[in-house]
Amino acid sequence: MKLYNTMTRTKEEFIPLHPGELRMYSCGPTVYNYIHIGNARPSIVFDVFRRYMEYKGYRVTLVQNFTDIDDKMIRRAGEEDTTVRELGEHYIAEYFKDADRLGIRRADYYPRATEHIDDIIAFIRVLVDKGLAYQAGEDVYYDTAAFPSYGKLSGQSLEDLEAGARVDINERKKNSMDFALWKGKKPGEPFWESPWGPGRPGWHIECSVMAIKYLGETIDVHAGGQDLIFPHHENEIAQSEGATGKPFARYWLHNGIINIDHQKMSKSAGNFFTVREICEEFDPEVVRLFMLSSHYRNPINFSRELLEQTQSALERLYNADGNLGYLIRNAPEGPVSAEDQKFQNQLPEYTTDFENAMEDDINTAGAIGVIFDLIREINTYAGPDRPKAVLCAAREELIRLTDILGLMTKKKGKLDGEVEDLIRQRQKAREDKNWALADRIRDDLKEQGIVLEDTPQGVRWKRQESSSVNS
RNA sequence: GGCGGCAUAGCCAAGCGGUAAGGCAGAGGACUGCAAAUCCUUUAUCUCCAGUUCGAAUCUGGGUGCCGCCUCCA
């Protein structure tokens, strides 16, 4: 498995710290609002990475945090006339609704900053004791000048960073790049007691503390959006490596950002679409396929038009599976000819090609291309006289690959008796060559989202919304 | 100013030195009562310039354009 490591800016062969294990930390959202599709991208992409690694036999431990205390949380709680705690509870619950909808499997741990205050304080104390942090007034800052390799992830020197700093100089800091580990309490804000007085943790410290607590001092993979490289991940490195003296993460993975009209989508800019509003218009799997259709490190431009294109592509996927399912139900058990055998024998090649794409820095776009190649092969081969065993093998191949991407996972719908009756009536009309009636029934059903397809073997139908097929 | 990324057909998008995957849309054909689905055929010399090489979309240098980070942000 090759992964592009932001730290070295090259693709590297993935070698886990502990053989057969993958310990990964993924930076999660600040829970002051519904997640938008920009938040959804890392969740989906790294979910696929995790699924693939598990498919490869790795024991994966995934941790994703929730930032539930910071300036935005406090401000938003004030606006919504609620407490920071309630705000967090609410949006964490909503996060899970959206993530579940998108088919994102649950992480092993979802630690929250506010539930690790003691750990955070202990960690800051270590940094202070080591001379890497200092108290200034009510605050505690990280002393970036005391950490020689500061800037190694973002490829910037301390001087470069300072030169470009757009921040107001904070008088208390020794150095403008120093960042808060602990912020002294301000009137009306939530706070916790600490050796430095009442206050709350800074943003970056929670990730260092919780990653180390749940995964160890050196983790395999640390993932997040490219916009977190600086300062967030840079600071995490300074904190973690400063405290432990050990490498923090072996591989840094960063997904590209999502643009709207070629401008970055972000909550602060206000040009965002929430996951739930998009899911009202599109099947969540469309969003998923869309995210996986380009390489995770490339920026992608988001638009409804592109989702519509993706929707059509997803339908092709479901059609292939649906058609196959239909054939399988009616297929002869019969003998397997040389031609059938030849078809079946080449199926594993698609798995190989798929894996090769995935092994190359999670090239999901290439992997999806392989799936569509397979689909053409299957569609060309498939027919009513093909032996059941071979058709089943083809379907297994297809499902194996789409499962890894978390696609085509929807349950088949059930026919209710009324619809079944209508289909029977239409069949009778067709036998009588009463095309007008037959078409009317078909049109009526279409109104209800039931699409009929006449095939030499009989009527096949599917629900339009889910594109899943029944017979 | 510093750091980084991107530029492939109408739209989206793989490609990592050997002569352009795949999807969407379009055109033509097959099948069909009509549809739908499916299959077949068809649509690019890869932003520009120069260089390295027997050979470059792929490597090097330069130009142009766009974007991200350097402030909260996935």
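By convention in this document, chain letters (A, B, ...) are assigned in the order of the sequence lines, proteins followed by strands, and residues within each chain are numbered from 1.
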Tell me which nucleotide, if any, is Watson-Crick or G-U wobble paired with [N] when both distances must be under 3.5 Å.
N	result
B:G18	B:C54
B:A74	none
B:A9	none

Just compare [options] and give me whichever is closest to any side-chain atom of [X].
X	options	value
A:F230	B:C70, B:A35, B:G68	B:C70
A:R460	B:A14, B:A37, B:A74	B:A37
A:R376	B:A74, B:C39, B:A35	B:C39
A:R442	B:A37, B:C34, B:C11	B:C34
A:S294	B:G68, B:C12, B:A13	B:A13

Measuring to OP1 and OP2 of B:A74, would you say a side-chain N or O of A:N255 lies under 4.0 angstrom away?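 So the side-chain polar atoms of A:N255 never come under 4.0 Å of the phosphate oxygens OP1 or OP2 of B:A74.
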Please report, rounded to the nearest Å, how far the C1' atom of B:C67 is from the CG atom of A:N298.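 Spelled out: CG on A:N298 to C1' on B:C67 is 12 Å.
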Tell me whether A:W435 is stacked on the nucleobase of B:G33, counting only the six-membered base ring and applying the 5.5 Å and 30° thresholds.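 Stack criterion met.
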Using only heavy-atom distances, decide whether a donor-acceptor pair under 3.5 angstrom links the side-chain of A:D439 to the base of B:G33.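 Answer yes: a donor N or O sits under 3.5 Å from an acceptor.
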Side-chain donor/acceptor of A:S268 to base of B:C72, under 3.5 Å: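 By the distance-only test, yes, there is a pair.
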At under 4.0 Å between heavy atoms, what does [X] touch on the DNA or RNA strands: base, sugar-phosphate, or nothing?
X	value
A:G225	sugar-phosphate
A:R440	nothing
A:H295	sugar-phosphate

Any side-chain donor paired with an acceptor under 3.5 Å for A:E234 and A:Q156?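 Not at all, the side chains of A:E234 and A:Q156 share no donor-acceptor pair under 3.5 Å.
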For a quick check under 3.5 Å, do A:N319 and A:K462 share a side-chain donor-acceptor pair by atom type?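 The answer is yes; a qualifying pair exists.
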If you pin A:G256 and A:Y296 to their nearest nucleotides in RNA chain B, which one's is more 5'?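 Whichever sits nearer the 5' end wins; that is A:Y296.
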Comparing A:N379 and A:D373 on RNA chain B - which has the more 5′ nearest nucleotide: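 Its nearest nucleotide being more 5', the pick is A:D373.
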